[in-house]
Structures are given as C-alpha cells and as structure tokens.
Number of protein chains: 2
Amino acid sequence: MRNFLAPSRDNKQRRAAPVAELRRGVASNDSEVRNRSRRGSGRPTLADVAGLAGVGSITVSRALRDPERVSPELRQRIAAAVDELGYVPNPSARALASARADVIGVLVPSLTNNVFSEVLRGIHDGLGDCPLQIQFGNTHYSEQEEERLLRVFLGQRPSALIVSGIDQAPTTRQMLEEAGCPVVQIMEIGPDPIDMMIGFSHLEAGKAVARHLVDVGCKRIGFLGARMDPRSRRRLAGYETVMREAGRFDAALVTTTILPSSVSMGAVLFHKAFEKTPDLDAVICNNDDLALGVLFACHRASLKIPAQIAIAGFNDLEMMEVASPSITSVRTPRYEIGRRAIAMARAAIAGDRPQRTVVDLGFELKMRESTMRRARPAF
Amino acid sequence: MRNFLAPSRDNKQRRAAPVAELRRGVASNDSEVRNRSRRGSGRPTLADVAGLAGVGSITVSRALRDPERVSPELRQRIAAAVDELGYVPNPSARALASARADVIGVLVPSLTNNVFSEVLRGIHDGLGDCPLQIQFGNTHYSEQEEERLLRVFLGQRPSALIVSGIDQAPTTRQMLEEAGCPVVQIMEIGPDPIDMMIGFSHLEAGKAVARHLVDVGCKRIGFLGARMDPRSRRRLAGYETVMREAGRFDAALVTTTILPSSVSMGAVLFHKAFEKTPDLDAVICNNDDLALGVLFACHRASLKIPAQIAIAGFNDLEMMEVASPSITSVRTPRYEIGRRAIAMARAAIAGDRPQRTVVDLGFELKMRESTMRRARPAF
DNA sequence: TTGTAAGCGTTATCAC
DNA sequence: GTGATAACGCTTACAA
C-alpha cells in the first residue's frame, strides 16, 4: 500500500531547468506533488500539462486520446499547454497502464529477398502517420526462430500481429490463436485462417505459368527452384499438375535447391538442368532472380531466347520488363499485401473487423518476349 | 488462458490455475499483496516469480539483468521459478522504471533500395539474440520526415540511434546531439561526427571508378545518376574531379534525375545521354540498377560492351558478377556497416565506447568484363 | 548480497 | 464532463 504521509519533506534544491520548476510549482492539481525526485526523465509529463492547463491529468489523457469526450474549451487550453511544453506522451507508461502496446509485430522469413522489402514498404506506407510502431522480426525461414520471436513479441502485448504464410508450426499457430489480438497471415491464402488473411494462391500462379508455356508450344519445360519454402512448393505443385495434365511431366525436369535464391544460383541451376535434360526448351523459374541468372547463362552460351529456350520468372520485379529480351513473369501484389494487411489490422484494432477476412489479391501473368514463341502444332 | 510465453519444454498439463492462485496466495514477500485486481494482464510478474522462489522481487530483477550480483543459490531458485511460471519480463514496465527503452532507433532513407535492405540485414544479424529491439523509420529521403521520426523515436528514450548519412538538417543534428544516447551515423564518413560514424568515402569511390575508366582508355565517359542524394552527389564530385584532372570533363556528359533509381531508369538515362553525346564510349552509373538498365539498352541497340560502350556500376550487387558481360562495380560494405554499427552502439550502451569512433570501412573496385578494354594510348 | 520504499508516467475505475 | 485514486510491473536509491 502506498504511504500517504510520507511525501513532503522536500527541502533540496531543484535543477535550474524551467521544466523542473514547472513540475514543482504548477502541477499540483493532482494530489501528487512532484518534488525533486531522484528519478524521472526531466521531460514534461501529463501532469505538467494538466498543471499548466489547470485541469486534472486524466482530462489531458482523454483530450489526447479521444478529444470528443472533453469540452471544446478545455480541449483548447490543453492543446495550448501541450504545445507550450512540447509534451510528448511516454509510450511505455501508456503501455504499462493499458496493458497494451501500440505495436504491430511483423514476422517475415527474409530480408534479403526483394519480395519482403516490398511488403515492408507497403506496411510502412499503410501505417501513414498513425501512432503505431512496427516491431519487426526476421525468422530466417526457421520455425523455431518464428516461435521464439513470437514469444518475444507476445511479451509486449502487441495490438496486432502479421505473420508470413499459412504453414505455422502447431505451437506457433496456437499461440497466434490465443494471442488476444488481431492476426493477419500474409502472402498466401488458404483454408482455415487463424484470423485474417491476405495474399493469393501460389498453386494457381504455378499453374498459370506452366499452362502458358504449354500453350506456347514448349515441350520440355523445366522447373528451377531455390529456397523451396512452402509457397515455392505450392507453385511447383501447380506446375506439376499442369504438366501431368498435358502428359509432359518428368521428374528430371525439376531442379531445386534449398540454398537461397540468387542470380548466380539461377545460372547454376540452369546448367544442372541442361545436363540432365539437354532437350530442355523452356524453364520456369521459381523467382525472378533465378530467371535473370538463366538469361545471362543463355547469353553466355549463345542460346537464343525464346527460340531455343523460353524463360519465365516469378514476382515480376521491375527489371523483367526492361530486360533484353524482356522476361515473362507473374506479377504479385507484394506492396499491396503489406498495405492492406495493415489496413485490416488497423480496422480490427479499431473494433470493426473487415467483412472479408480472407482477401485474395490475385496475380497477373505478364507475357513477354522471353516466351513469345508462336505455338506451332506439329504438322 | 494458457501461457505461451513459457519455454516450450514444459508443456505439461499444468495451466492457468496455478498462476492466478499464486498471484493471490504466495506473492507476498513483497509488501504488495496482489489480490483480485481489476487490471493486469493475467501474466506472471516479477513478484510472482519472487514469491515462488521465496525471495524479494528486486532480487529476481537483479538475477535477470545481472546474474553476477546474486548468489548462485538464489540464482538457481529464481531460474527454476521463471521457468515454471514461464515468466517474460514486461518491457514497458522496465522502460518506464528505468527511463530507458531497450530500443535502437534506425532511420534510413529508403526501403526500396537494395542497399538499405542489406544494411538492415546486417543490423538484425548484429543484434544476435540480445534483447534489444529495432525501431525502424523510413525517411523517404525527406529532412522533414527525418525530423518527425526522430522526435517520435526520442519520445521512447531509445538506448541508441542509428541515422543514415552525414547531412542532417540543423534541427535534426541538434536533437541528435542532445539525445542523451549513443548515435551512429552510417553509410558515409566525414569530418565532425555527431558521435560515432561508420561508412566509407563516397568521394573517393567516385574518383576510383572514374580513374579506372580513364586508365582503361575511355575518352568520353558519361555519368548517369538517379535520386542524387548527398552521397550520390559526392560520388559525382569524385567523378568530376578526376575528369577535370584528365582534361576530359564536359557537363554534357553528366545526366541525372531526381527520380528514384531503377533498371528502367538506367535505360532512359542512357538514351538521353547518348542523344546529348553520341560519341560516348563509357558510362559510370550511380548505382547497379542503372548499370543493368544500360546493359539491357546496349543489348537492344546492339552496342558491344565494352568495345563500344564500357559500363561501370556502384554497390556491386550480386548480379553484377553473373551478368553477361559481367559488370565492373564498386563493392560497398553494406552488410558490414549494419553489423558494425550495431556493435558500436552496443559497446557504447554497455559503457565502453570503441576507441575508434569514426570507422572507414573502405570500398573495393571490382573490375570486370564491362570495362575490360586494353588501354591503347594513341600512337 | 539482499530487501524496503518510492516512484516512473500513464490509464481504468468509480465518484461527483 | 471532470477529477481523485489506485494500479500497471518494474527499477533506482538507500538501508541493513
């Protein structure tokens, strides 16, 4: 219990700063007399503002959070006081008192990957200047790391959580289900969302590219993949489905590695594939880095694109359009995913959950020179 | 509510009840008796741990922060209690009590830019698993935005601050000087650091590339630049210096834009430059995106590289090495800058500032096919 | 080495 | 609509 008899043996000299003075002199509408405390940041507090405005500190708190609930006159006075003191709220105190931090935790598997920097950009832009902080974690594609980070994040009682993909480990999933805040799964959609979801179908995207290459008359269509996370595997599954339907599937056409994706890895995988299946006439790359690597490898080997080898990428990085030849790719709504994930989270935090809690943003096949063969049925 | 903050190893059947019970019954070594409080997160607190371990909560606090100062026996008991309860410290409470958040604020000008995602990666890796959070802000190359974000960051009393570049606006600079925490300026070095600094000389880097192209026998060496932030301008200055020395400077050779850098912008700028100076025999690109765009543009125009046009980039993205032809570039220590900036910040936070507070990490000119002409002095 | 007391700056609760 | 009071969970200052 607090001791009410103690407070006033304040005899020491205070600091010279005007703020300190103010803290002693004026801030006494509240019961507490803030005297030469040994601690404290030296910055103006709610009570200082309250003192200057001649109101209770709780009123200042309300005026700041929900101006409607305070009379215009006081609101006015308080605004002036805030301004004069240069008051900045202390987020820790707020979080402690309300048992809720103004933080959105974001878990992504990679920072190297171009894709996620776009998502992040969308997230930051989606925030605008609302006073939420992004707490950001890199799982390095590891379930253990994801769980560990989530535990840390949960320790802050975040306002919302954004996680990548739909393949959380069981413990992780359960933690998310019981997190007690809105959760948005991004990048991919699927059945059985934890809470909200925004992304697109990687299976369908994989099918779309494969179908395009089949349509365009390619016979021996390879698949090149690096990193092979669950989303990559889903795209591979889409490829396989279409290839089987077309009666052209051959396991030898698939060349993957668990190593990270890179341009040079594209060249490496292409050479591997070409060794296994020298009759290759097209490659579908798991992403654009690889595709660019293949482009360069073909260039070095004087293979004509698309005449001898057709190339398709994934994600549609800006350079695909400009490349020579331009490279067919699947445009994915990365930035938009980030932006709308935040929008959904904010809505949910504000209490009105969006009606659509699972949002399919789709994708778009961009057909370009690298696959522009005319389909010539054998004749 | 199941407690997921518990280390996953003890996922036995013991759940919610014990904690609540404990909070009422046992936790009374401290003067406070935590009874049926209307507030609170329901999660175990320091006092709960203290109760279970039979010590004062301050001892638990110490055992967690600085184990050395607690006797091995108590340390042991406390560890067991923490484990059993799945106690996770509340960072807001800690921040409030200590007037210092375990947060490092990081201000970068862009997220799109490949360069900064590398720096970020370095920062995150440099953190290891030390319990510091990164608070991240994107200034969009705007001084106003930088100042605004800094103000927000300062409101949290961060443990350290990392800012990009050395050209802060006066107000911003002053805020940083008075931040009361270690400050690291990254990417670039220069005179008059605010506190610590890590990067390299962009002026020298600009000179190095230009000198290389001069050495290699190029006469009409263009400079292509986008975004033109202060660092870009410094590189341009380096180029200009060398060109003047060689008696080859011509303002018409410089083609820049304030628009963001991109591969397609590289092609655009190249065409512009070629129009102005059709006798161009080399281009130095302000960064690798542009260089790649130039490569593609040359390819489309059937210009031979390096025979007709030599190309040099900046940053040495991974793809430069693999490109066909491979592209000369300046390798910059982006990842290393991030990693070591954090190391410096951590050291300073821990109280032992590194002796070298200004660290020049240098750069490395990577000469590749795209500039491999033999220098043929006129004869 | 360990503990007690007293806040840190805010918000929830409840009374006016 | 406004305010006094008591937390929120932790750490600093100081005492033992």
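Proteins get letters first, then strands, A, B, ... in listed order; numbering begins at 1 in each. Since the structure is predicted, the reported quantities are computational estimates derived from the model, not experimental observations.
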Peer 1: Between B/R100 (side chain) and B/R157 (backbone), is there a donor-acceptor pair under 3.5 Å?
Peer 2: yes
Peer 1: Please report, rounded to the nearest Å, how far the C1' atom of C/dG9 is from the CZ atom of B/R157.
Peer 2: 12 Å
Peer 1: Can you identify which nucleotide, out of C/dT2, C/dG7, C/dG3, has its nearest atom closest to the B/V70 side chain?
Peer 2: C/dT2
Peer 1: Could you state the interatomic distance from CG (A/L46) to CD1 (A/I78), rounded to the nearest 0.5 Å?
Peer 2: 9.0 Å
Peer 1: Roughly, in whole Å, what's the span from CD1 in A/I58 to P in D/dA7?
Peer 2: 15 Å
Peer 1: Specify the separation, in whole Å, of atom CD1 of B/I78 and atom C1' of C/dT1.
Peer 2: 12 Å
Peer 1: Heavy atoms from C-beta onward define the side chain here; which of D/dC10, C/dA12, C/dT4 lies closest to that of A/S98?
Peer 2: C/dA12
Peer 1: Calculate the interatomic distance between A/R94 atom CZ and D/dG9 atom P; express it in whole Å.
Peer 2: 18 Å
Peer 1: Between C/dG3, C/dT10, D/dG3, which one does the side chain of A/T45 approach most closely?
Peer 2: C/dT10
Peer 1: Has the side chain of B/R75 got a donor or acceptor atom that lies under 3.5 Å from a matching backbone atom of B/V70?
Peer 2: yes
Peer 1: What nucleotide, of D/dA4, C/dG3, D/dG9, holds the atom closest to the side chain of A/L96?
Peer 2: D/dG9
Peer 1: Main chain of A/Q185, side chain of A/S164: is a donor-acceptor contact present, judged purely on distance under 3.5 Å?
Peer 2: no
Peer 1: Atom CG of B/D48 and atom P of D/dG9: how far apart are they, to the nearest Å?
Peer 2: 9 Å
Peer 1: Can a side chain N or O of A/T59 be found less than 4.0 Å away from OP1 or OP2 on D/dG1?
Peer 2: no
Peer 1: Take B/E68 and B/A93, find for each the nucleotide of DNA chain C with the closest heavy atom, and name the residue whose nucleotide sits nearer the 5' end.
Peer 2: B/E68
Peer 1: Measure CG/A/L46 against P/D/dA7 and give the value in whole Å, please.
Peer 2: 19 Å
Peer 1: Measuring to OP1 and OP2 of D/dC8, would you say a side-chain N or O of B/S92 lies under 4.0 angstrom away?
Peer 2: no
Peer 1: Of the nucleotides D/dG1, D/dT12, D/dA4, which one has an atom closest to the side chain of B/R65?
Peer 2: D/dT12
Peer 1: Name the nucleic acid region contacted by A/P89, choosing base, sugar-phosphate or nothing; use a 4.0 angstrom heavy-atom cut-off, strictly under.
Peer 2: sugar-phosphate
Peer 1: In whole angstroms, how far is the C1' atom of C/dA12 from the CZ atom of A/R100?
Peer 2: 15 Å
Peer 1: Let me spell it out: for each of B/N90 and B/R62, pick the nucleotide of DNA chain D with the closest heavy atom. Which residue's pick is nearer the 5' end?
Peer 2: B/N90
Peer 1: To the nearest Å, how far apart are B/D102 CG and D/dT11 P?
Peer 2: 9 Å
Peer 1: Check whether any side-chain heavy atom of A/L161 lies under 4.5 Å from a side-chain heavy atom of A/L154, and answer yes or no.
Peer 2: yes
